[in-house]
Amino acid sequence: MNTLEQLAHGFSVAFTPVNLLWCLLGTTLGTAIGVLPGLGPALTIALLLPITYQVAPEASFILFAGIYYGAMYGGSTTSILLNTPGESATIVTALEGNKMARSGRGGAALATSAIGSFVAGTIGTLGVAFLAPVVVKFALAFGPAEYFSLMVLAFITVSAVLGSSSVRGLTSLFAGFVIGMIGVDLQTGQPRFTFGTTELLDGVDVIIAAVGLFAVGETLYMASRRYAGKDEIVPLKGSLYMTAAEWGRSWKAWLRGAAIGFPIGAMPAGGAEIPTFLSYAIEKKLSKHKEEFGTVGAIEGVAGPEAANNASAAGVLVPMLTLGLPTSATAAIMLSAFQSYGINPGPLLLTTQANLVWGLIASLFIANVILVILNLPLIGLWVRLLKIPAPQLYAGILVFATVGTYGISQSPIDLVILYLLGAAGFLMRRFDFPTAPVIIGMILGPLAETQFRRAMTISNGDWSVFYKHPLSLTLLTLAFIGLVGPHIWAFIEHRRRRGPEHVPGDA
């Protein structure tokens, strides 16, 4: 009851005309930022930090939260229509969403993305209000060994469900891991794989890699097949919105995605990438339309990851508000905004800054409503992007990607990396290597290495730390099952269908 009273008080703060205008501004700006590859909410909020000297804390954080939520919505638009992720968290959306757009179902993909984002965002915001203490307690049970085991599970899951074979998936994953190692080793201070280039000391930006592999690589691949009569975009068929059957296939994926995204987003170093890939893996496993994955596009492959993405965005706020622990770049920027106001997030924040915290939580509900109202009517406008003649569309994507990339750090080296990775993405598409594991390897590889080294330091080099902890052992067991399980199952099925005298590979 106390939580409901506090939430009611938060709505009284958020519903003031000034704060409603800040929320509208934030959600609109965030949607536009999400569409632009390379910018993202962290950079936008960082650019707007000076307003903290002029604006009340409640208004500032309502604006920042609106930008954050809006970017989660907007990032899916170009992922679906142009295969150009605006945010690293929307990389998975491009896998099936772009296939749906190219087969004439772009409207349904955008609709399930917008509605799923609303459903999961609402569930995640309820989680922030009611489940924060429970989720934080669970997250604190994760030590370095558990985090490393969780990332191993994510590695195996990603490589198993993406691409035509697990070997190719693991190869792409390893390539991403190597790219993620570029830069300064944070534990020893030694540069790695920089080849004497000072611009590489900070490593390769994930967004640059995503734009290069997906946008540039996909554009080059499509342009190369322009006159082959293949991979042409099919005009939109039927309604801009979802059919009854598509609703039936989406709503369960929304709920599953929200259930995965919120708790992982609340974990330190959880982020949005792990739950989106796990959600995609689960939807592919549970779907009754497996033949649509990777071909014409399966709507569950859009609905689940988009829900996980937005639920994890809400989950990120839990450790930031209750522990002062940022689990994403955006949360880190928001934490610096707290510091500029002289406010220290932590367990006492809910009581010492009740107006701020509960007004912020209430504004998230309002932002979700504003975003779904903004995005659904614009589906027809976004789908018209597909009617742009192919040469102009390809050129526009390359210009868009180049400008967005250069805007990140104004470094010519970033443009060289962009087009090198674009060429690599083209070759990977040409020889059927999945590109998504490269990105997840970049993101999780360095984190996995850090957690592994921490676990080994704490245990004085004792490897048993990974199987003596029950939670770590459980996660590693699941990873092992995910790696060998499909092969064992395929062997059993083969023997059952062909008889005990046959072995796999026999004619």
Side-chain angles (χ1 to χ4, degrees), residues 3 68-69 72-73 76 89-93 95-96 112-142 146-147 149-151 153-154 156-158 160-161 246-288 293 298-319 322 327-328 361 364-365 368 371-372 440 444 471 474-475 478-479 481-482:
T3 300
Y68 187 30
Y69 264 32
M72 295 300 106
Y73 272 72
S76 63
T90 61
I91 290 168
V92 185
T93 305
L95 299 177
E96 300 303 319
T112 195
S113 169
I115 298 171
S117 297
F118 170 75
V119 170
T122 303
I123 292 173
T125 307
L126 285 171
V128 175
F130 291 94
L131 300 178
V134 178
V135 174
V136 168
K137 184 178 180 180
F138 174 72
L140 291 175
F142 273 66
E146 286 78 11
Y147 276 122
S149 300
L150 175 64
M151 291 172 192
L153 175 60
I156 299 302
T157 305
V158 169
V161 301
E246 288 168 335
W247 272 94
R249 291 172 60 181
S250 293
W251 71 269
K252 293 179 182 178
W254 295 335
L255 297 180
R256 284 191 291 262
I260 294 169
F262 179 74
I264 295 181
M267 295 176 187
E273 291 81 11
I274 295 176
T276 53
F277 276 93
L278 289 178
S279 174
Y280 180 82
I282 290 172
E283 295 308 322
K284 187 173 183 179
K285 193 71 175 176
L286 297 179
S287 176
K288 296 179 181 178
F293 281 82
I299 197 166
E300 301 96 324
V302 178
E306 273 298 296
N309 174 21
N310 283 269
S312 67
V316 162
L317 298 176
V318 175
T322 58
T327 61
S328 71
I361 292 173
L364 296 177
F365 286 103
N368 262 308
L371 283 166
V372 79
I440 208 66
L444 298 187
L471 186 55
T474 301
L475 293 169
L478 291 174
I481 293 172

Shortest non-hydrogen contact between [X] and [Y], atoms and distance:
{"X": "V92", "Y": "P305", "value": "CG1-CG, 3.7 Å"}
{"X": "T93", "Y": "S76", "value": "CG2-CB, 4.2 Å"}
{"X": "A253", "Y": "A303", "value": "CB-CB, 3.8 Å"}
{"X": "N368", "Y": "S117", "value": "OD1-O, 3.8 Å"}
{"X": "E146", "Y": "L475", "value": "O-CD1, 3.6 Å"}
{"X": "Y69", "Y": "T125", "value": "OH-OG1, 3.0 Å"}

### Query
So do the side chains of I115 and W254 get within less than 4.5 Å of each other, counting heavy atoms only?
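I115 reaches W254 side chain to side chain.
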### Query
So do L95 and F293 actually touch side chain to side chain, heavy atoms under 4.5 Å?
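SC-SC contact between F293 and L95 ruled out.
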### Query
With no hydrogens and no angle check, is any side-chain donor or acceptor of S279 less than 3.5 Å from a backbone partner on P275?
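Pair absent, no side-chain N/O of S279 close to backbone of P275.
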### Message
I'd like to know if the side chain of E96 reaches the main chain of V302, judged simply by a donor and an acceptor atom lying under 3.5 Å from each other, with no hydrogens or angles considered.
### Response
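No: the side chain of E96 does not pair with the backbone of V302.
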About how many Å separate [atom2] of [Y] and [atom1] of [X], when rounded to the nearest 0.5 Å?
{"X": "R256", "Y": "W251", "atom1": "CZ", "atom2": "CH2", "result": "8.5 Å"}
{"X": "I123", "Y": "N310", "atom1": "CD1", "atom2": "CG", "result": "11.0 Å"}
{"X": "I260", "Y": "N309", "atom1": "CD1", "atom2": "CG", "result": "13.0 Å"}

### Query
Got a sec, which residues hit side-chain hydrogen bond (donor to acceptor under 3.5 Å, both in side chains) with S287, two or more places apart in sequence or on another chain?
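S287 satisfies side-chain hydrogen bond (donor to acceptor under 3.5 Å, both in side chains) with E300 only.
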### Message
Quick one about S250 and T112 (side-chain donor to acceptor, distance below 3.5 Å, no hydrogens or angles considered), yes or no?
### Response
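Distance-only check passes for T112 and S250.
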